[in-house]
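Order of the sequence lines sets the chain letters (A, B, ...), proteins ahead of strands, with each chain counted from 1. Everything numeric here is computed off the predicted structure, so don't read it as measured data.
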2 protein chains.
Amino acid sequence: MSDTQRRRHTRYRQQVRELLSGSEEFLSAQTVHTMLRSQGLPIGLTTVYRNLQALTKDGTVDALRTSTGEQIFRHCSPVQHHHLMCRHCSRAVEVTGPALDQWATALAEVHGFTDINHSVEIFGTCGSCADTDHQI
Amino acid sequence: MSDTQRRRHTRYRQQVRELLSGSEEFLSAQTVHTMLRSQGLPIGLTTVYRNLQALTKDGTVDALRTSTGEQIFRHCSPVQHHHLMCRHCSRAVEVTGPALDQWATALAEVHGFTDINHSVEIFGTCGSCADTDHQI
DNA sequence: ATAGATGCAAACGATTTGCAGTCTG
DNA sequence: CAGACTGCAAATCGTTTGCATCTAT
């Protein structure tokens, strides 16, 4: 749960890393697996999971949880940004909040916390879905 | 997925609601189940899940996900507050951020979103865990 | 009566692990 | 060569569902 052991340089880990580097989206392990397979890479789902885990542990990628409990990953971005997503169509808008980030950091420090990391998820009904008169 | 159907007034749902009303903590379904059983209530785990789901749908309780993907519930509080938690010992501090809440609401509206709901989770290493020289 | 509520067992979906074979440093 | 890495199948774990049985209204 805490070892950042020596890693070998393998083709698959490299591919997983590259795929994430080339996307600004948060992707699920299953999606990463499907994408790599469709690129003709015969990688196994287990390997994808293990590599995403390793990359997360090494701080190469960030991991998050969707509201359904599914894990999603994205390459670490220098700028922290958050998400505004529609609970009906899952449309997502990336937003940043410098003030918010500072607040979170300061707040955590005041409470004696270090090595801070935070995430903000805003859920709502987007315009088109509201129009469609979706039942909640 | 969207029906707030007519609910009957039953002993079990009442107990689940009361248990949550009496706690400021976020509790998992399993915990709620265990607590009710230890009170001598012969309720089934399935029923706990179904009631927590119903209460969440009716807006009586709020549901969240832990970093392990587990769902946790708490009675809705009039004031929105967020969490600062230690990634090692899971110690949590409740914090409020009026400015943040306004920012989130305004931001969502600007993007045409309605029926907004947001959550902020801040993770870090708390003082005691940092002292203990925990391996990351 | 009649539709919602409940319990149990089986089903599920995402993630993890055991194990044997493979490959990197 | 030793220790990482990989794949497959089986195991977990939290949560959901099918179904027959109760029970509130």
Side-chain angles (χ1 to χ4, degrees), chain A residues 1-20 26-58 60-74 90, chain B residues 1-20 25-58 60-74 87 90:
Chain A
M1 227 310 140
S2 51
D3 59 309
T4 296
Q5 66 186 157
R6 170 159 26 283
R7 310 254 184 238
R8 281 186 183 163
H9 184 114
T10 67
R11 178 188 182 196
Y12 292 150
R13 175 160 311 132
Q14 180 58 28
Q15 297 282 353
V16 170
R17 185 188 294 110
E18 280 179 18
L19 178 63
L20 287 174
F26 269 98
L27 305 174
S28 71
Q30 317 261 350
T31 301
V32 169
H33 180 237
T34 303
M35 292 176 78
L36 291 177
R37 298 284 286 203
S38 71
Q39 281 178 25
L41 206 62
I43 189 175
L45 179 57
T46 306
T47 301
V48 171
Y49 271 108
R50 283 196 274 232
N51 279 322
L52 285 173
Q53 215 169 260
L55 292 172
T56 299
K57 193 170 299 179
D58 295 345
T60 304
V61 307
D62 280 331
L64 226 66
R65 290 267 170 189
T66 65
S67 58
T68 65
E70 194 179 31
Q71 235 178 144
I72 47 181
F73 308 80
R74 188 198 54 183
S90 295
Chain B
M1 228 307 138
S2 52
D3 57 309
T4 297
Q5 65 186 158
R6 170 162 25 283
R7 310 260 185 232
R8 278 184 189 168
H9 183 108
T10 68
R11 178 189 183 194
Y12 293 150
R13 173 159 313 130
Q14 179 59 27
Q15 297 282 350
V16 170
R17 186 188 293 111
E18 280 180 17
L19 179 63
L20 287 174
E25 307 283 305
F26 269 97
L27 305 174
S28 71
Q30 316 260 352
T31 301
V32 169
H33 181 235
T34 303
M35 293 177 78
L36 291 177
R37 298 285 285 204
S38 70
Q39 281 178 25
L41 207 63
I43 189 174
L45 179 57
T46 307
T47 302
V48 171
Y49 271 108
R50 282 198 274 231
N51 280 320
L52 285 173
Q53 216 168 264
L55 291 172
T56 299
K57 192 170 298 178
D58 294 345
T60 304
V61 308
D62 280 331
L64 228 66
R65 291 266 171 190
T66 67
S67 58
T68 65
E70 193 179 32
Q71 237 179 140
I72 46 180
F73 309 81
R74 188 198 54 181
R87 70 179 109 245
S90 294

* Interatomic distance, B/Gln15 atom CD to B/Thr47 atom OG1 [nearest 0.5 angstrom] -> 12.5 Å
* Where is the tightest heavy-atom contact between B/His33 and B/Leu45, given as atom of each residue plus distance? -> NE2-N, 3.4 Å
* Provide, to the nearest angstrom, the distance between the CG atom belonging to B/Leu45 and the P atom belonging to D/dT16. => 10 Å
* Would you mind reporting whether B/Ile43 and B/Val16 have side-chain heavy atoms less than 4.5 Å apart? => yes
* Between B/Leu55 (CG) and C/dA5 (P), how many Å, whole number? -> 11 Å
* **Rounded distance (Å) that lies between atom P of C/dT15 and atom CD of B/Glu70** => 15 Å
* Structure fact -> The ring pair (Phe, Tyr, Trp, His ring centres under 6.0 Å) partners of A/Tyr49 (sequence neighbours excluded) come to none
* N/O (side chain, A/Gln71) to phosphate O (OP1/OP2, C/dT15) under 4.0 Å -> yes
* **Donor-acceptor contact present, side-chain B/Arg13 to main-chain B/Arg8, <3.5 Å** => yes
* Structure fact -> In whole angstroms, the gap separating P of D/dC5 from CD1 of A/Ile43 amounts to 13 Å
* I would like to know whether B/Arg11 and B/Gln14 meet side chain to side chain donor-acceptor pair (under 3.5 Å); could you show each step before the answer? => CA-CA 5 Å; B/Arg11 178 189 183 194; B/Gln14 179 59 27; over 6 Å; no
* **Nucleotide D/dG14, atom P - distance to CZ of B/Phe73 in whole Å** => 13 Å
* Asked: Is the distance from OP1 or OP2 of D/dT16 to the nearest side-chain N or O of B/Gln53 less than 4.0 Å?
  -> yes
* Tell me, please, which residues at least two apart from A/Thr56 pass side chain to side chain contact (heavy atoms under 4.5 Å, CB included). => A/Val61, A/Ala63, A/Phe73
* Asked: How far does CE of A/Met35 sit from CD of A/Gln39, to the nearest 0.5 angstrom?
  -> 7.0 Å
* Asked: Please give, in whole Å, the distance from C/dA5 P to B/Gln14 CD?
  -> 14 Å
* Asked: Quick one: is B/Tyr49 getting a side-chain N or O under 4.0 Å of the D/dT16 phosphate, OP1 or OP2?
  -> no
* **Bending between helix ends of the helix from C/dA1-D/dT25 to C/dA14-D/dT12 [5 pairs per end, 10° resolution]** => 30°
* Mapping B/Arg11 and B/Ile72 onto DNA chain D by nearest heavy atom, which one lands closer to the 5' end? -> B/Ile72
* Structure fact -> Distance col, row A/Leu55:CG vs A/Asp62:CG, nearest 0.5 angstrom, shows 11.5 Å
* What do the steps show when you test B/Leu20 against B/Leu52 for side-chain contact (heavy atoms from CB on, under 4.5 Å), and what is the final call? -> CA-CA 10 Å; B/Leu20 287 174; B/Leu52 285 173; 3.6 Å; yes
* To do: Mark yes or no for whether B/Arg65, through its side chain, and A/Ser67, through its backbone, hold a donor-acceptor pair below 3.5 Å.
  => yes
* Encode nucleotides 18-25 of chain C as B, S and - characters from 5' to 3', where the letter depends on protein heavy atoms closer than 4.0 Å: B to the base, S only to sugar-phosphate, - to neither. => B----BBS
* Asked: Between atom CG in B/Asn51 and atom C1' in C/dA5, what is the gap in whole Å?
  -> 8 Å
* Asked: Taking only residues two or more places apart in sequence, or in another chain, which ones meet A/Tyr12 in a ring pair (Phe, Tyr, Trp, His ring centres under 6.0 Å)?
  -> none
* Asked: Expressed in angstrom and rounded to an integer, what is the separation of B/Arg65 atom CZ from C/dG13 atom P?
  -> 15 Å
* What are the residues of residues 26-42 of chain B, sorted by number, that bring a heavy atom to within less than 4.0 Å of DNA chain D? -> B/Gln30
